[in-house]
Amino acid sequence: MRTATLGPAQRAEALARMAERELDILVVGGGVVGAGTALDAATRGLFTGLVEARDWASGTSSRSSKLIHGGLRYLEMLDFALVREALKERGLLLQRLAPHLVKPVPFLYPLAHRGWERWYAGSGVALYDAMSVSSGHGRGLPVHRHLSHKRALQVAPCLKKDALVGALQYYDAQMDDARYVMTIVRTAAAYGAQVANRARVVGFLREGERVVGARVQDVETGGEYEIRARQIVNATGVWTDDTQALIGERGQFHVRASKGIHLVVPKDRIHSTTGLILRTEKSVLFVIPWGRHWIVGTTDTDWDLDKAHPAASSADIDYLLEHVNSVLATPLTRDDVQGVYAGLRPLLAGESDATSKLSREHTVAHPVPGLVVIAGGKYTTYRVMAKDAVDEAVHGLDQRVAECVTEDVPLAGAEGYKALWNARARIAARTGLHVARIEHLLNRYGSLAEELLELVVADPALGEPLAAADDYLRAEVVYACTHEGARHLDDVLTRRTRISIETFDRGTRSASEAAALMAPALGWDEEQIAKEIAHYEKRVEAERESQRQPDDLTADAARLGAPDIVPL
């Protein structure tokens, strides 16, 4: 497999190729499900296109809890099929498809009651482990263990002594969600898919009742393309109803948006060697290890305001702090919060009024000839969703098409990762970088880290860390533009890296340095550099202002004070 490069030239070429020749399948939406659908279709030998109105994973798929998990709480809902399916996918991702991106993570579940709770929760976690092993892909994680009160406090000294009588510890997995999606897109492109971000569907082409293509606007240049396709897959998540409205047909189902917010705090604020999972009255609360930080989340509330930029209100932040502080010996304060982000879950409407009880199952429909819709689901099961969407689309192709093969298709960077990991000390000696830097690169890029190291060899200054965000090398900013499809400063600071949530300044002190590094790769002049920096600073200030507002309405109004760098 060749390595695909998603630079400006490749993006322009992809749009031109999609307009030149009829596609077998055009996928609309560049989140995890859309990206997975493009990869599934391309690896079946279908001529495939993928377009995304904003940046890859700019919506829900960059704002999750960053977990690959079976969904322990769905066992309590007796949704055994969903848990079994998700655990199989977790094992596949850990062991075969993306070992460079998906990593094990331990969680501690404090027990508040003696006797019955240990039996009840222990039975659930034991079933979780058993279902994982029975899936055939679950042997990569340690099994759960029961901890005494004393041992639990040794593992997690941050907990109040009276907050628990004992604990259970079990394992799930985590990843950087935005980086994961971008890697799926690069993998799809490597297998022949034509992919373009900042390319928005503004209408569908019809012949009678059949949908035969889409009108796609290049958001960057304003140009418009007619892209014809034998089948179109609508994988736009919380925008599903809006996309369906473009064909003037009522959808067969509706998608509701549920807002979840997360806080990012420094590692030293919570003294623990394990993540935590806590019950709340509505759902569960996670404290998740994240490099030199913790992610605390999430909320679960209905949202019917701006979908592109869901806002976290002061009430949301207080809710998370109140619940996590109920078990912490040293409480967190607003001053401890480095970053805040909000995302929207796409939930199938109709099963319940409470969003926390809406199904995480997915649905595929063929509302009109030529158009398939996929909605619902959860991040972990994206590959299954993609398979179902392509299977449905294949019914309309009137030709024999190969079965899904993505269970055996590792993502870009997976091949050779383990060998390079074993050789990391030697790579460090060869490049002059500290072994910790090499480990960082391998766990973000896998074997593709060699491409990034070539940039450092050509320009040793790129081997230096960013001055105000020293977890990241300067080369990573350049590589994001030349290889990973980044088009704007926001793409790099928010999704290719996580500087926007991992620093107290939220990336504003890195904006000038990053923009200067991006300029040569993207052809920016001084005016564009200044525009990018100014926009980023306005966005950060709008987000900070929204987080000072008391409720969703005022928070949404404050966040909308900073428009997109290229308005849609």
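Only this structure's heavy atoms are used, side chains among them; waters, hydrogens and symmetry mates stay out. Quick caveat: nothing in here was measured; it's all calculated off a predicted structure.
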Practice problem: Look at Glu476 together with Arg444 and state whether they make a salt bridge at an N to O cut-off of under 4.0 Å. | Solution: yes
Practice problem: Give a yes or no answer on whether the side chain of Asn197 reaches the backbone of Gly485 with a donor-acceptor pair at less than 3.5 Å. | Solution: yes
Self-check item: Heavy-atom donor-acceptor pair, Gln217 side chain to Val219 backbone, under 3.5 Å
Solution: no
Quiz item: When rounded to the nearest 0.5 angstrom, what is the spacing between OG in Ser61 and CZ in Arg63?
Solution: 10.0 Å
Exercise. Please step through salt bridge (charged side-chain N to carboxylate O under 4.0 Å, His left out) for the pair Arg559 and Asp306, ending with a clear verdict.
Key: CA-CA 9 Å; Arg559 176 59 187 88; Asp306 181 63; over 6 Å; no
Quiz item: Trp116 vs Tyr120 aromatic rings, parallel, tilted or perpendicular, using cut-offs 30° and 60°?
Solution: tilted
Quiz item: Yes or no on side-chain hydrogen bond (donor to acceptor under 3.5 Å, both in side chains) for His262 and Ser65, after CA distance, side-chain angles and deciding distance?
Solution: CA-CA 7 Å; His262 296 78; Ser65 297; 2.7 Å; yes
Please tabulate, for side-chain N and O atoms in residues 163-171, each donor-acceptor pair with protein atoms closer than 3.5 Å (sequence neighbours left out).
{"unit_1": "Gln169", "atom_1": "OE1", "unit_2": "Arg145", "atom_2": "NE", "d": "2.8"}
{"unit_1": "Gln169", "atom_1": "OE1", "unit_2": "Arg145", "atom_2": "NH2", "d": "2.8"}
{"unit_1": "Gln169", "atom_1": "NE2", "unit_2": "Thr274", "atom_2": "OG1", "d": "3.1"}

Practice problem: Indicate yes or no: at least one non-hydrogen side-chain atom of Ser62 is less than 4.5 angstrom from one of Val181. | Solution: no
Self-check item: Closest non-hydrogen atom pair, Ala235 against Ile374
Solution: CB-CG2, 3.8 Å
Quiz item: Is the CD atom of Glu527 crowded by more than 12 outside heavy atoms at less than 6.0 Å?
Solution: no
Quiz prompt | Set of residues satisfying salt bridge (Lys or Arg N to Asp or Glu O under 4.0 Å) with respect to Asp241, sequence neighbours excluded | solution = none
Quiz item: Listed by chain and number, what are the salt bridge (Lys or Arg N to Asp or Glu O under 4.0 Å) partners of Arg334, not counting sequence neighbours?
Solution: Asp318
Practice problem: Go through the structure and list residues passing salt bridge (Lys or Arg N to Asp or Glu O under 4.0 Å) with Glu537, not counting sequence neighbours. | Solution: none
Self-check item: Result of checking Val185, Leu411, Leu50 against Leu39 for side-chain contact (heavy atoms from CB on, under 4.5 Å)
Solution: Leu411
Quiz item: Under the side-chain hydrogen bond (donor to acceptor under 3.5 Å, both in side chains) rule, what pairs show up with a residue in residues 321-330, not counting sequence neighbours?
Solution: Glu281-His323
Self-check item: Residues which pass side chain to side chain donor-acceptor pair (under 3.5 Å) with Arg383, listed by chain and number, not counting sequence neighbours
Solution: Glu89, Thr406
Practice problem: First locate atom CG of Leu348, then atom OG1 of Thr240, and finally report the distance between them rounded to the nearest 0.5 Å. | Solution: 9.0 Å
Quiz item: Would a 4.5 Å heavy-atom cut-off, applied to side chains only, mark Trp294 and Arg269 as touching?
Solution: no
Self-check item: Short side-chain to backbone donor-acceptor contact, Tyr472 and Val477, under 3.5 Å
Solution: no
Practice problem: Report yes if the side chains of His100 and Asn443 come closer than 4.5 Å at any heavy-atom pair, otherwise no. | Solution: no
Quiz prompt | Donor-acceptor pair, side chain of Thr280 and main chain of Leu285, under 3.5 angstrom | solution = no
Practice problem: Give a yes or no on whether the backbone of Val105 and the side-chain of Gln174 come within a donor-acceptor separation of less than 3.5 Å. | Solution: no
Quiz prompt | Heavy-atom side-chain contact between Arg11 and Arg198 under 4.5 Å | solution = yes
Exercise. Check side chain to side chain donor-acceptor pair (under 3.5 Å) between Arg544 and all other residues, then give those that pass, not counting sequence neighbours.
Key: none
Quiz prompt | From Ile261 atom CD1 to Leu320 atom CG, the distance as rounded to the nearest 0.5 Å | solution = 4.5 Å
Quiz item: Quick one: does Asp242's side chain get under 4.5 Å of Thr236's, heavy atoms only?
Solution: no
Self-check item: For Arg200, all residues meeting side chain to side chain donor-acceptor pair (under 3.5 Å), sequence neighbours excluded
Solution: none
Exercise. Compute whether any side-chain donor of one residue and acceptor of the other, for Thr333 and Asp335, lie under 3.5 angstrom apart.
Key: no
Exercise. State, to 0.1 Å, how close Gly71 and Val83 come at their nearest heavy-atom pair, and which atoms those are.
Key: O-CG2, 3.6 Å
Practice problem: Taking only Lys NZ, Arg NE, NH1 and NH2, and the carboxylate oxygens of Asp or Glu, determine whether Glu541 and Lys538 approach each other closer than 4.0 Å. | Solution: no
Self-check item: Ion pair check, Asp490 and Arg495, cut-off under 4.0 Å
Solution: yes
Quiz item: Are the charged groups of Asp556 and Lys259 less than 4.0 angstrom apart, N to O?
Solution: no
Quiz prompt | Distance-minimising heavy-atom pair for Asp552 and Asp302 | solution = OD2-O, 4.1 Å
Practice problem: Determine which pairs satisfy salt bridge (Lys or Arg N to Asp or Glu O under 4.0 Å) with at least one residue from residues 156-175, sequence neighbours left out, and list them in order. | Solution: Arg90-Asp172
Quiz item: Nearest 0.5 Å, what's the CD1-CG distance between Ile499 and Leu466?
Solution: 5.0 Å
Exercise. Provide the closest heavy-atom pair for Tyr536 versus Thr508 in the form atom of the first, atom of the second, distance.
Key: CE2-N, 4.0 Å
Quiz item: Does any non-hydrogen side-chain atom of Val384 lie less than 4.5 Å from one of Glu85?
Solution: yes
Quiz item: Would you say the side-chain atoms of Gln338 pair up with the backbone N or O of Glu502, donor to acceptor, closer than 3.5 Å?
Solution: yes
Quiz item: Between Lys378 and His69, is there a donor-acceptor pair closer than 3.5 Å when you use the side chain of the first and the backbone of the second?
Solution: yes
Self-check item: Reported CD-to-NE2 distance for the pair Glu220 and His488, which is rounded to 0.5 angstrom
Solution: 3.5 Å
Quiz item: Residues two or more places apart in sequence or in another chain: which of them pass side chain to side chain donor-acceptor pair (under 3.5 Å) with Arg279?
Solution: Glu76, Tyr109
Quiz item: Is a donor on one side and an acceptor on the other found under 3.5 Å between the side chain of Ser132 and the backbone of Tyr128?
Solution: no
Self-check item: Rounded distance [0.5 Å steps], CG in Leu344 versus OG1 in Thr301
Solution: 9.0 Å
Practice problem: Say whether, by atom type as modelled, one donor and one acceptor occur between the side chain of Tyr319 and the main chain of Thr298 under 3.5 angstrom. | Solution: no
Quiz item: Is there a donor-acceptor contact under 3.5 Å linking the side chains of Glu543 and Gln547?
Solution: no
Exercise. Taking atom types as modelled, find out whether His254 and Gln244 have a side-chain donor-acceptor pair closer than 3.5 angstrom.
Key: no
Quiz prompt | Exercise: do Asp551 and Ser313 side chains pair donor with acceptor under 3.5 Å | solution = no
Exercise. Could you tell me whether a side-chain N or O of Asp491 sits under 3.5 Å from a main-chain N or O of Arg487, the two making a donor and an acceptor?
Key: yes
Quiz item: Sequence neighbours excluded, which residues qualify as salt bridge (Lys or Arg N to Asp or Glu O under 4.0 Å) partners of Arg498?
Solution: Asp176, Asp177
Quiz item: Which atom pair, heavy atoms only, marks the closest approach of Ala480 to Arg496?
Solution: CB-CG, 3.6 Å
All N/O donor-acceptor pairs, side-chain side in residues 560-568, below 3.5 Å, sequence neighbours left out:
{"unit_1": "Asp564", "atom_1": "OD1", "unit_2": "His309", "atom_2": "NE2", "d": "2.6"}

Quiz item: How far apart are the closest heavy atoms of Pro346 and Gly237, and which atoms are they?
Solution: CB-C, 3.8 Å
Quiz prompt | Leu321 and Leu263, any side-chain heavy atoms less than 4.5 Å apart | solution = yes
